[in-house]
Trainee: 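Following this message is one structure expressed as structure tokens.
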Amino acid sequence: MVEIAPDTDTAVRGIAAGSTVLIGGFGPAGQPYALIDALRRVGTGDLTVVNNNAGNGSTGLAALLATGQVRKIICSFPRQVDSYVFEELYAEGRIELEVAPQGNLAERIRAAGAGIGAFYTPTGAGTMLAEGKEARVIDGRAHVLEYPIHADVALIRAHTADEAGNLVYRKTGRNFGPIMATAARLTIAEVTRVVPVGTLDPETVVTPGIYVDRVVVTA
Amino acid sequence: MVEIAPDTDTAVRGIAAGSTVLIGGFGPAGQPYALIDALRRVGTGDLTVVNNNAGNGSTGLAALLATGQVRKIICSFPRQVDSYVFEELYAEGRIELEVAPQGNLAERIRAAGAGIGAFYTPTGAGTMLAEGKEARVIDGRAHVLEYPIHADVALIRAHTADEAGNLVYRKTGRNFGPIMATAARLTIAEVTRVVPVGTLDPETVVTPGIYVDRVVVTA
Amino acid sequence: MIEHPAPLTRVELARLVARDIPPNSYVNLGIGQPTAVADHLDPAHGVVLHTENGMLGMGPHAHGDDVDPDLLNAGKTPVTELPGASYFDHAQSFAMMRGGHLDVCVLGAFQVAGDGTLANWHTGAPDAIPAVGGAMDLAVGAKDVFVMMTLFDKTGAPKLVRECTYPVTGLRCVSRVYTDQAVFHLDGDRVLVTETYGTTMSELSARLDVPLTTAP
Amino acid sequence: MIEHPAPLTRVELARLVARDIPPNSYVNLGIGQPTAVADHLDPAHGVVLHTENGMLGMGPHAHGDDVDPDLLNAGKTPVTELPGASYFDHAQSFAMMRGGHLDVCVLGAFQVAGDGTLANWHTGAPDAIPAVGGAMDLAVGAKDVFVMMTLFDKTGAPKLVRECTYPVTGLRCVSRVYTDQAVFHLDGDRVLVTETYGTTMSELSARLDVPLTTAP
């Protein structure tokens, strides 16, 4: 059953040091800024963070990196014009980096939630990012074997939740939220509002409440 | 670009003998009766049909089987109380049967549409249905390697289409439609109505028009 | 261990399983006998029912004007929708099952082995048409797999066995077996008897070819 | 083969690529230079733009009051939504790409080999931070992969090469290369020059270490 948390500090309680944390968002859209800030305030360390990027500017994920709480980041695109926080940490050898093609990153998260043990993908086959991985030619095409990314926690941002934890998103803010919600043992969503059960149209629910453990309303 | 066909005979034109045909529906819900009937009238033979079941009663898929147009059926549950058409064909050795666990059937269809070469699934591992298939223990758990089901044609039923081919479904009529639409070279949908572009809310589209080739309005 | 004087009727068995489903859990009830468990769930307990053809929040069977041909359960019977429901496609529905998101599923069985291996999909008879449906997905997917069945078949042969002789559905997947004569908790190594109905431990031990234990 | 007198400007190159995108096709424009192709698509041609962060039916860049922080393209720039648009999650978006449903993608490149192998994601410099984004997915996924780039780099070295020296993005995936000096069609075996701009076949053959042909 979903818990409607009174504030973000309550929402992020109990995250253990050393956790793997999926963090939603593609750029600012869908980035759970309030939950990231709360995780930063709590100070939980030795984290492995999974996000498409490695933080931008000095807020959100970048601010979390700046504290040194993150031991390793798994992402597809860490090199953006304003990823200076990550770049400095990386140059100093203070953060570990695993780069994955964006689609393999998404599919590995989806696989974790879907109980798939591993999958062969053509993306990345024959490239540097496939080095050390199992390869196989299927139907005449090179493939590489990729494994799921299981996580302890997912922090995501949706638009509206109902009291059963069902979520709907808004425009390209959807991005990684629906798959990250499925792949973690503890899924926490920040939303703009919580509506009574029965308000959301069952046809339009994107993330069923079964995947959501805690919801918190943020500005 | 999607074609709005004037009738079902036009909608099913050009399906070659020997085609693999995905047919949507779980029981009557989402079963494209009108398209199946049209395919039966056209008489295209030597078909491999993929559906959850092997036909019920004497209409829809059962009627298509009765004509002898179907060489092989891939399904999860051919043995229902009123699957007498299939049972007779099977007893007489006139139809080939491949049984797959329902989730593997769905995931194999999804994999075809998603460009996944193969995947390891725990479902069916160690059972009769995994015989002859590659097995592997991943994280201490037995898995079996399953391959995608690529198809020539998908016949599905949705509720509403717009003129760009975007589809929404109704309740449990959704079932296999969204994944089958992605897995065939030619996807044909029967719907209750076609609305102008811009009518469907982009947040609630279930099958984007990119997957849909032809739409036909049926009763 | 609790001893009860009489075997359970089918209705009592369904009520017993319903009692043991934790409040607020997400549950799939297999077709056949497990479907009856729904009738005994207390709505105040907030159990959410999943049907593998693509729905969470399934309500009771539909009757009369409530029948909607687009709203069916896994047995293809018309059902209703409860507030808070959601619909999704088959790949998503089975991802939910396979990914371990359901708390409990309840299945019927031909046989359950002491290690939790389940046989419930195929008699293995040479002329039988194999038909598996979602049984193998439920067996591997739910956090807890409950089986409800009679403890003995019509010939008197036990259905809780040392090793399944029918084709198996899933390996070491069953955590509890609810029968008319006893309730068994399985942890992969041991078979723990928690309740008996109209029988005794010594009688059970004599009739079953499976080592049984009781809680200390 | 058509010979034109002068090399193409960046704007002319974008216009040329836009001209060659078939009407009603589904297209992904990579970040950087390919984004400019959108400005030259005729709305009457019905090309539908995909952005890998989860949208079909992307419209032009948003300005002023149209800016919506929840509506960004793959370069994280605010964009608009056209009628007939749809939103989906990242797994679905990349399933669409990897599954071969996009008709065309247009990418920039460091190098393209004569067999269509693409290098566009990493300079390979030891201190460079690797960052791939969706490039490898687009390279393997679209039915046609168009590259737009200058034919020579700033040092004058050709970017259409016999073998990529930069780390590759995808093997044998590029079908056309649009450059300021020529258009090349690749079929895996041959490199066909279809148009030249301010250069000639003999000049190209002299400067490129790739066997070139023209249509008969």
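A note on names: the letters A, B, ... follow the listed sequences, proteins ahead of strands, and every chain is numbered from 1. None of the values given here were measured: they were computed from a predicted structure.
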Trainee: Can you name the closest pair of heavy atoms from A:I138 and B:A118 and give their distance?
Mentor: CD1-CB, 4.1 Å
Trainee: A side-chain contact here means heavy atoms from C-beta on lying under 4.5 Å apart; do A:I116 and B:E107 qualify?
Mentor: yes
Trainee: Kindly give the heavy-atom pair with the smallest separation between B:Y169 and A:E203, and that separation in Å.
Mentor: O-OE1, 3.7 Å
Trainee: What part of B:Y147 is in contact with chain A, defined as an atom under 4.5 angstrom from a non-hydrogen atom: side chain, backbone, both or neither?
Mentor: side chain
Trainee: Please state whether the side chain, the backbone, both or neither of A:R141 comes within less than 4.5 Å of a heavy atom of chain B.
Mentor: neither
Trainee: Heavy atoms only: give me the nearest B:G115-A:P122 pair and the separation to one decimal.
Mentor: O-CD, 3.2 Å
Trainee: Give, as side chain, backbone, both or neither, the part of A:E146 having an atom under 4.5 angstrom from any heavy atom of chain B.
Mentor: neither
Trainee: Does A:D139 have more than 12 heavy atoms from other residues, nucleotides or ligands lying within 6.0 Å of its CG?
Mentor: no
Trainee: Of all of A:T123, A:D201, A:T121, A:L145, which one pairs up most often with chain B through heavy atoms under 4.5 Å apart?
Mentor: A:L145
